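Below is one structure, written out as structure tokens, with a few remarks after it.
Note that the structure is predicted; figures quoted are calculated from it, not measured. Residues: numbered from 1 along the sequence shown.
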Amino acid sequence: MALHVPKAPGFGSMLKEGAKFFSGVEEAVIRNISACKEFAQTVRTVYGPHGMNKMVINHLDKLFVTNDAATIIRELEVEHPAAKIMVLASQMQEQEVGDGTNFVIIFAGALLEAAESLIKTGLNPTDIADGFEKALEKALEILPTLVCHEIKDYRNEEEVTKGLKTSIMSKQFGNEDFLSKLIAKACVSILPEKTTFNVDNVRVCKISGSGLTSSSVVQGMVFKRLVEGSVSKKEKAKIAVYTCPVDTVQTETKGTVLIKTAQELKDFSKGEESLVENEIKALKEAGVDVIVAGGKVGELCLHFINKYEMMAVRLNSKFDVRRIAKTTGATALPRLTVPTPEEMGYCDLVYTDEIGDTMVVVFRNESKESRVSTVILRGATEYLLDDVERAVDDGINTFKCITRDGRFVPGAAATEIELARQIAKHADTCPGLEQYAIKKFAQALEVFPRTLAENTGVKPNEVLSRLYAAHEEGKKSEGFDIEGEGLNFKDAVTAGFLDLFVTKHWALKYATNAACTIIRVDQIIMAKRAGGPQARPAGPQDADED
């Protein structure tokens with residue numbers, strides 16, 4: 001008979017065998033803060049133009065070499081529950097703004113580090129969280145007063161280029177001038193008159209070879225594939241788009257045909273051929289020049305497409321079919337029927353081209369306004385192209401934010417230092433224990449100039465003291481210049497280092513909310529799943545449980 005071992009008294013005695021329970025400041029709060037600090041430290045080294053790259057290999061053995069925090073966080077698959085809260089905050093920043101994910105993680109980590117020292121001095125976690133929230137209110141009150149530039153005409157490419165440069169610089173330092181012009185051209189050219197700008201309307205086509213400066217923008221869409229038939233160019237083309245294969249239709253029921261003579265066999269195949277020919281001929285008579293198919297193009301159909309000198313393009317992705325329909329103004333048809341004039345699309349030029357050693361099909365609109373544009377990126381390796389694509393995505397998202405709110409604040413850590421200086425002064429006027437948390441909030445903002453200095457190889461304490469001295473003198477836009485040798489400082493507005501107001505606004509909000517949520521956790525209860533994960537093989541019943 002097995003000996004019965006009684007459970008320890010307390011909360012753990014109520015849970016199933018194998019469940020975990022952590023309680024109190026040391027076990028729950030400090031443990032969570034330590035995990036989040038480690039996580040923030042991981043992405044801190046990629047911050048800024050001189051940030052290092054990370055080599056991440058995900059669960060599918062795919063390799064990522066990047067300094068884009070959003071990609072690193074997504075591919076790491078963080079398991080720790082407290083660190084997951086920070087990840088969720090950064091993902092919300094990605095959805096809301098499209099940039100500034102690293103800002104959220106680093107700042108939340110700095111706030112938690114500051115909270116840890118306050119907890120160890122005897123402050124209650126609730127008081128600390130309340131202090132952080134009051135400091136956030138003050139920061140969001142100060143932030144609009146720091147606005148130094150505003151883009152009112154977002155159809156002006158020169159103005160937009162200036163606004164995109166800082167966002168691109170943090171990902172592709174040295175190529176920011178070229179890339180920001182490229183992105184500005186791609187975005188402004190498809191900007192609709194009435195509706196809002198859609199990020200999905202700027203596509204990226206990556207083609208290995210040559211250098212980054214060989215990249216270009218095409219008004220329309222570019223696909224890395226060959227045409228199906230022998231016709232490879234059409235001007236002022238009318239386009240029919242189908243989501244189905246362009247092939248002979250299979251009947252729903254099976255049928256048996258009894259053929260007795262060779263003549264009957266000839267007549268049978270002739271009947272099928274004439275049926276297909278009539279379908280393709282009807283398309284030609286309707287004025288269709290290019291057929292875009294969402295499935296395979298049958299050999300018999302292809303023969304008649306070539307005969308009537310039409311062009312056929314096959315697309316494997318249903319999303320590409322939708323985009324080409326949007327680009328050309330066509331309606332995607334589910335069956336091989338003759339489109340009406342309203343259902344047909346139009347494109348100025350459809351042609352095949354060779355870029356490097358890659359064959360592409362280009363749908364270009366020259367005379368009228370295009371609804372989709374494509375950035376053709378060139379580069380030496382796939383990893384470089386992937387990283388440039390991520391920088392382009394950030395630039396496109398920044399443009400989307402400019403169309404909503406064109407305000408900018410000084411970059412190069414000038415905004416953070418000014419916020420820290422003003423919040424620290426505000427803390428002295430606050431009664432109660434919250435003032436300590438408000439001061440720590442101001443100190444946490446110093447993490448950004450400190451990180452920029454560390455990643456550049458300069459002593460951070462000297463940078464901070466010089467920046468504080470400049471801001472005390474009233475130079476509110478004085479920032480750290482990473483390009484100079486040693487300690488160099490510049491007026492961020494004059495130098496063109498501008499950060500989006502909305503990026504800073506939402507990043508401060510999300511980071512503080514995430515940090516306060518983690519600080520307020522005083523117990524961690526990890527319930528054991530019934531039977532354990534290995535108790536029985538997974539079956540259909542698991543789907544209901546999940």
Side-chain angles (χ1 to χ4, degrees), residues 33-56 65-73 76 83 86 90 99-117 166-174 176 387 391 394 409-421 423-424 440-471 477-490 492 495 497 499 503-504 507-508 511 515:
I33 288 172
S34 299
C36 294
K37 273 164 54 184
E38 287 293 321
F39 179 53
Q41 197 59 43
T42 305
V43 293
R44 191 173 155 182
T45 53
V46 305
Y47 185 73
H50 283 170
M52 302 293 282
N53 284 346
K54 300 284 180 192
M55 190 179 281
V56 183
V65 182
T66 180
N67 64 353
D68 181 44
T71 306
I72 296 164
I73 292 161
L76 277 178
M86 289 169 72
S90 73
D99 197 10
T101 48
N102 206 356
F103 188 104
V104 173
I105 297 288
I106 292 171
F107 188 48
L111 286 175
L112 290 169
E113 196 171 339
E116 185 180 20
S117 66
T166 309
S167 174
I168 306 298
M169 192 188 286
S170 63
K171 301 286 186 301
Q172 287 293 318
F173 186 54
E176 65 273 4
D387 216 26
D394 279 357
V409 292
T415 301
E416 288 83 356
I417 281 290
E418 185 59 29
L419 282 172
R421 189 182 70 82
I423 290 167
K440 285 290 183 184
F441 186 96
Q443 284 177 26
L445 282 163
E446 294 173 5
V447 73
F448 297 104
R450 190 181 288 277
T451 304
L452 283 175
E454 284 170 1
N455 291 348
T456 310
V458 180
K459 289 178 182 176
N461 289 341
E462 287 184 33
V463 170
L464 282 169
S465 60
R466 290 274 294 274
L467 280 173
Y468 270 123
H471 281 254
S477 55
E478 190 79 2
F480 173 54
D481 178 21
I482 62 163
E483 291 179 284
E485 285 185 20
L487 284 171
N488 274 294
F489 300 89
K490 265 185 186 177
F497 304 146
D499 285 338
T503 305
K504 289 276 189 281
L508 287 167

Do any N or O atoms from the side chain of [X] and from the backbone of [Y] form a donor-acceptor pair under 3.5 angstrom?
X    : Y    : result
T66  : D68  : yes
N102 : V43  : yes
T45  : Q41  : no
T166 : F497 : no
D394 : S167 : no
T415 : G411 : no
E176 : G174 : yes

Name every donor-acceptor pair, under 3.5 Å, that has one atom in a side chain of residues 103-113 and the other anywhere in the protein, sequence neighbours excluded.
none

Spacing of [X] atom [atom1] and [Y] atom [atom2] [to the nearest 0.5 Å]:
X    : Y    : atom1 : atom2 : result
L464 : R450 : CG    : CZ    : 5.0 Å
E416 : T451 : CD    : OG1   : 10.0 Å
R421 : L419 : CZ    : CG    : 10.5 Å
I482 : N455 : CD1   : CG    : 9.5 Å
I423 : Q443 : CD1   : CD    : 12.0 Å
N488 : F480 : CG    : CZ    : 8.0 Å

query = Does K37 have any salt bridge (charged side-chain N to carboxylate O under 4.0 Å, His left out) partners at least two apart in sequence or in another chain, and if so, which?
reply =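 Salt bridge (charged side-chain N to carboxylate O under 4.0 Å, His left out) check on K37 returns E116.
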inquiry  = Between E446 and Y468, do the side chains contain a donor N or O and an acceptor N or O under 3.5 Å apart?
reply    =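 Their side chains do contain a donor-acceptor pair, which is all the 3.5 Å distance test asks for.
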query = What is the minimum heavy-atom distance between V463 and A453, and which atoms define it?
reply =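 Looks like CG2-CB, 3.8 Å.
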request  = Output all residues satisfying ring-ring contact (aromatic ring centres under 6.0 Å, His included) with H50, sequence neighbours left out; order by chain, then residue number.
outcome  =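 Testing H50 for ring-ring contact (aromatic ring centres under 6.0 Å, His included), a comparison that skips the adjacent residues, returns F173.
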